[in-house]
Student: 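This is the structure, below, for whatever I ask next.
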Amino acid sequence: MYGKIKEELSQQLEMLKKEGLYKTERILTTPQGVEIKTEKGLKVLNFCANNYLGLCNEPRVMAAANLAFFRWGFGMASVRFICGTQKVHRDLENKMSEFLGMDDTILYSSAFDANGGVFEPLLDENCAIISDELNHASIIDGVRLSKAKRYRYRNNDMEDLEEQLIHSREAKYKIIVTDGVFSMDGIIAQVDKICDLAEKYDALVMVDDSHATGFIGPTGRGSHEHCNCMDRVDIISTTFGKALGGASGGCISGRKEIIEILRQKSRPYLFSNSLSPAIAGATIEVINILQESDYLREKLFQNTRLFKKLMKEAGFQIGESIHPITPIMLGHLENDAKVSQIFAEELLREGVYVIGFYFPVVPRGKSRIRVQISAAHSTEDIEFAVDKFIKVGKKLNAI
């Protein structure tokens with residue numbers, strides 16, 4: 001039986017390789033950090049991790065993870081409503097609710113599961129979801145699992161959003177869902193304007209703040225704080241796998257009744273094991289660190305401003321976002337998908353670890369190197385990376 005599909009899958013794989021769209025994974029032999037080693041023995045500077053605040057291996061975070069491991073064990077071996085909820089999980093939920101300014105929080109094994117489990121329990125076929133066209137794949141998949149009618153608006157385009165709200169005006173309930181920060185470009189959503197339209201057309205607002213929680217906004221609460229509308233967003237989804245320590249897990253924070261219904265009906269919550277106690281304990285300590293000082297956040301944006309300034313001066317196309325995500329656009333080059341991979345490999349040999357992004361992760365003709373700055377980078381690290389970008393960019397006629 002496997003013979004026919006094996007042949008077809010092999011053809012698909014060969015086509016991906018031929019088109020330059022085949023993804024390979026580099027094996028690391030070190031923990032995550034600014035300086036890492038690959039299986040080939042290369043020691044390189046990492047400029048593509050989501051380790052925005054440099055907390056992946058921070059001693060306090062590691063100690064908190066170890067303490068939680070020994071206090072609460074390796075795992076629950078089941079789901080929470082069957083085997084019970086450990087206090088460390090509830091403590092993290094309370095901590096996230098307080099930090100994000102929401103009523104309550106529910107934990108998931110990943111942010112992907114969180115987005116996959118939020119729409120179906122809340123919305124039926126008489127409801128409507130209005131989603132930004134560049135929302136994360138997890139939102140797209142979560143929307144597909146719901147029976148609600150679907151509307152899509154152009155990225156961060158408030159006029160088009162209003163038009164879709166008008167089209168969906170007969171729906172029993174409407175929800176606008178957007179990434180707080182769009183991960184391929186670093187664009188921050190206009191959450192305040194989205195809330196204005198939601199109030200005008202009687203809609204709920206959901207924001208996925210996975211690339212914002214911990215460092216966007218005056219105290220790092222996220223895009224809703226950045227846009228001065230913390231009390232106006234109904235649902236926030238986010239991850240613990242980026243700025244908040246970089247392990248895994250995610251959550252939905254929101255209105256009390258919404259979270260309570262998710263505990264009763266959200267399938268990824270009801271049928272997935274509890275988050276590892278070590279991750280829960282470590283994430284609590286991360287929030288403690290963020291509430292004690294703004295140093296890491298300030299260092300992150302200082303580094304970001306320096307990198308963007310130097311790259312613009314060198315002639316690279318990088319967009320206008322203030323976010324640490326910095327896309328180095330290559331769509332103006334012929335065979336841009338392949339060039340993005342060659343660019344990344346050349347930089348690896350020069351000591352800079354980055355990844356090329358190309359179709360279907362980004363639209364055709366929009367290939368790029370996505371750089372992500374960390375608070376753990378030094379000024380010397382950033383200057384080194386820019387020098388190598390210039391060297392490879394000239395070699396490949398990117399600048």
Student: Return yes when atom NZ of Lys17 has more than 12 non-hydrogen atoms of other residues, nucleotides or ligands closer than 6.0 Å, and no otherwise.
Tutor: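 Above 12, so yes.
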
Student: Restricting to non-hydrogen atoms, name the atom on Gly319 and the atom on Lys312 that form the minimum distance, rounded to 0.1 Å.
Tutor: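 Smallest heavy-atom distance, with atoms named: O-CE, 3.8 Å.
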
Student: Answer yes or no: are there more than 12 heavy-atom neighbours, outside Phe384 itself, under 6.0 Å from its atom CZ?
Tutor: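 Result for CZ/Phe384: enclosed.
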
Student: Pick one: which of Asp234, Asp104, Asp103 meets salt bridge (Lys or Arg N to Asp or Glu O under 4.0 Å) with Arg255?
Tutor: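 Result: among Asp234, Asp104, Asp103, Asp234 is the only option passing the salt bridge (Lys or Arg N to Asp or Glu O under 4.0 Å) with Arg255.
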
Student: Considering residues, nucleotides and ligands other than Lys299, do more than 12 of their heavy atoms fall under 6.0 Å from its NZ?
Tutor: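 Yes.
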
Student: Should the ring pair Tyr52 and Phe215 be called parallel, tilted or perpendicular, given that the plane angle runs from 0 to 90° and is split at 30 and 60?
Tutor: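 Aromatic pair Tyr52/Phe215 classed tilted.
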
Student: Are Arg232 and Glu199 close enough, and set up right, to give a salt bridge (Lys or Arg N to Asp or Glu O under 4.0 Å), and what steps lead you there?
Tutor: CA-CA 9 Å; Arg232 302 172 69 194; Glu199 290 174 3; 3.1 Å; yes

Student: Do other residues, nucleotides or ligands put more than 12 heavy atoms under 6.0 Å from Gln12 CD?
Tutor: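 More than 12 heavy atoms, drawn from other residues, nucleotides or ligands, come within 6.0 Å of this atom.
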
Student: Between Met206 and Phe119, is there a side-chain heavy-atom distance shorter than 4.5 Å?
Tutor: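 Yes. Closest side-chain heavy atoms under 4.5 Å.
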
Student: Testing the 3.5 Å rule here: is there a donor-acceptor pair between the side chains of Thr85 and Arg80?
Tutor: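 Yes - a donor-acceptor pair under 3.5 Å links their side chains.
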
Student: Can you confirm whether the side chains of Asn115 and Ser237 place a donor and an acceptor under 3.5 Å from each other?
Tutor: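 Side-chain D/A pair, Asn115 to Ser237: present.
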
Student: So do Glu163 and Tyr151 actually touch side chain to side chain, heavy atoms under 4.5 Å?
Tutor: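 No; the side chains remain at least 4.5 Å from each other.
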
Student: Any Lys/Arg nitrogen of Lys95 or Glu98 sitting under 4.0 Å from an Asp/Glu carboxylate oxygen of the other?
Tutor: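 The answer is no: the pair does not qualify as a salt bridge.
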
Student: Is atom CG of Asn288 surrounded by more than 12 heavy atoms (other residues, nucleotides or ligands) closer than 6.0 Å?
Tutor: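 Buried by this count: over 12 neighbours within 6.0 Å.
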
Student: Which word best sums up how the rings of Phe343 and Phe389 line up, parallel for under 30°, tilted for 30 to 60°, or perpendicular for over 60°?
Tutor: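 Geometry flag for Phe389 against Phe343: tilted rings.
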
Student: Which residue in the set Arg150, Lys149, Lys174 passes side chain to side chain contact (heavy atoms under 4.5 Å, CB included) when paired with Ser168?
Tutor: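 Of Arg150, Lys149, Lys174, side chain to side chain contact (heavy atoms under 4.5 Å, CB included) with Ser168 is met by Lys174 alone.
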
Student: Could you report the tightest heavy-atom contact between Ile369 and Ser340, atom names first, then the distance?
Tutor: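 So the two residues come closest at CD1-O, 3.3 Å.
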
Student: Should Ile284 and Val88 count as side-chain neighbours, where that means a heavy-atom distance under 4.5 Å?
Tutor: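 Answer yes - side chains close enough.
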
Student: Show, in sequence, the C-alpha distance, side-chain angles and deciding distance for His323 and Phe182, and conclude whether the ring pair (Phe, Tyr, Trp, His ring centres under 6.0 Å) test is met.
Tutor: CA-CA 10 Å; His323 194 277; Phe182 296 95; over 10 Å; no

Student: Using a 6.0 Å cut-off, check whether atom CZ of Arg267 has over 12 heavy atoms from anything other than its own residue.
Tutor: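 No, the 6.0 Å shell around CZ holds no more than 12 heavy atoms from other groups.
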
Student: Taking Lys395 first and then Glu350, would you say they form a salt bridge - that is, a charged N and a carboxylate O separated by under 4.0 Å?
Tutor: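 Judged by the 4.0 Å cut-off on N to carboxylate O distance, Lys395 and Glu350 do not form a salt bridge.
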
Student: Regarding Asp381 and Ser378, is there a side-chain donor-to-acceptor distance under 3.5 Å anywhere?
Tutor: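 Per modelled atom types, Asp381 and Ser378 side chains form a pair under 3.5 Å.
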
Student: Does a sphere of radius 6.0 Å around CD1 in Ile166 hold more than 12 heavy atoms from other residues, nucleotides or ligands, not counting ones at 6.0 Å or beyond?
Tutor: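 Yes, CD1 of Ile166 has more than 12 neighbouring heavy atoms, counting only those of other groups under 6.0 Å.
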
Student: If we ignore angles and hydrogens, is there a donor and acceptor under 3.5 Å between the side chains of Arg169 and Tyr201?
Tutor: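 Checked: Arg169/Tyr201 side chains show no N/O donor-acceptor pair below 3.5 Å.
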
Student: Could you check Glu313 against Lys309 for salt bridge (Lys or Arg N to Asp or Glu O under 4.0 Å), going step by step and ending with a plain yes or no?
Tutor: CA-CA 6 Å; Glu313 290 174 353; Lys309 174 179 178 292; 2.9 Å; yes

Student: Among the clusters formed by ILVMFWY side chains lying less than 4.5 Å apart, do Ile188 and Leu134 turn up in the same one?
Tutor: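 No, because Ile188 and Leu134 fall into different hydrophobic clusters, even though each may have its own neighbours under 4.5 Å.
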
Student: Go through the side-chain N and O atoms of Ser248 and Ser110 and say whether any donor and acceptor fall under 3.5 Å apart.
Tutor: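 No pair is found: no donor N or O on one side chain lies under 3.5 Å from an acceptor on the other.
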
Student: Just by distance, with hydrogens left out, do Gln32 and Asn57 show a side-chain donor and acceptor under 3.5 Å apart?
Tutor: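 No, no side-chain donor-acceptor contact under 3.5 Å.
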
Student: So which heavy atom on Asp160 is nearest to which on Arg154, and how close?
Tutor: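 Nearest heavy atoms, Asp160 then Arg154: OD2-N, 2.7 Å.
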
Student: Testing the 3.5 Å rule here: is there a donor-acceptor pair between the side chains of Asp209 and Thr238?
Tutor: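 The answer is no; no qualifying pair exists.
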
Student: Side chains of His226 and Ile322: does their closest heavy-atom pair fall under 4.5 Å?
Tutor: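 His226 vs Ile322: side chains touch.
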
Student: As a test of understanding, state which of Asp185, Thr326, Asp336 forms a side-chain hydrogen bond (donor to acceptor under 3.5 Å, both in side chains) with Arg368.
Tutor: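 Result: among Asp185, Thr326, Asp336, Asp185 is the only option passing the side-chain hydrogen bond (donor to acceptor under 3.5 Å, both in side chains) with Arg368.
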
Student: Taking atom CG of Asp202 as the centre, report whether more than 12 heavy atoms of other residues, nucleotides or ligands fall under 6.0 Å from it.
Tutor: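 Count not over threshold, so no.
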
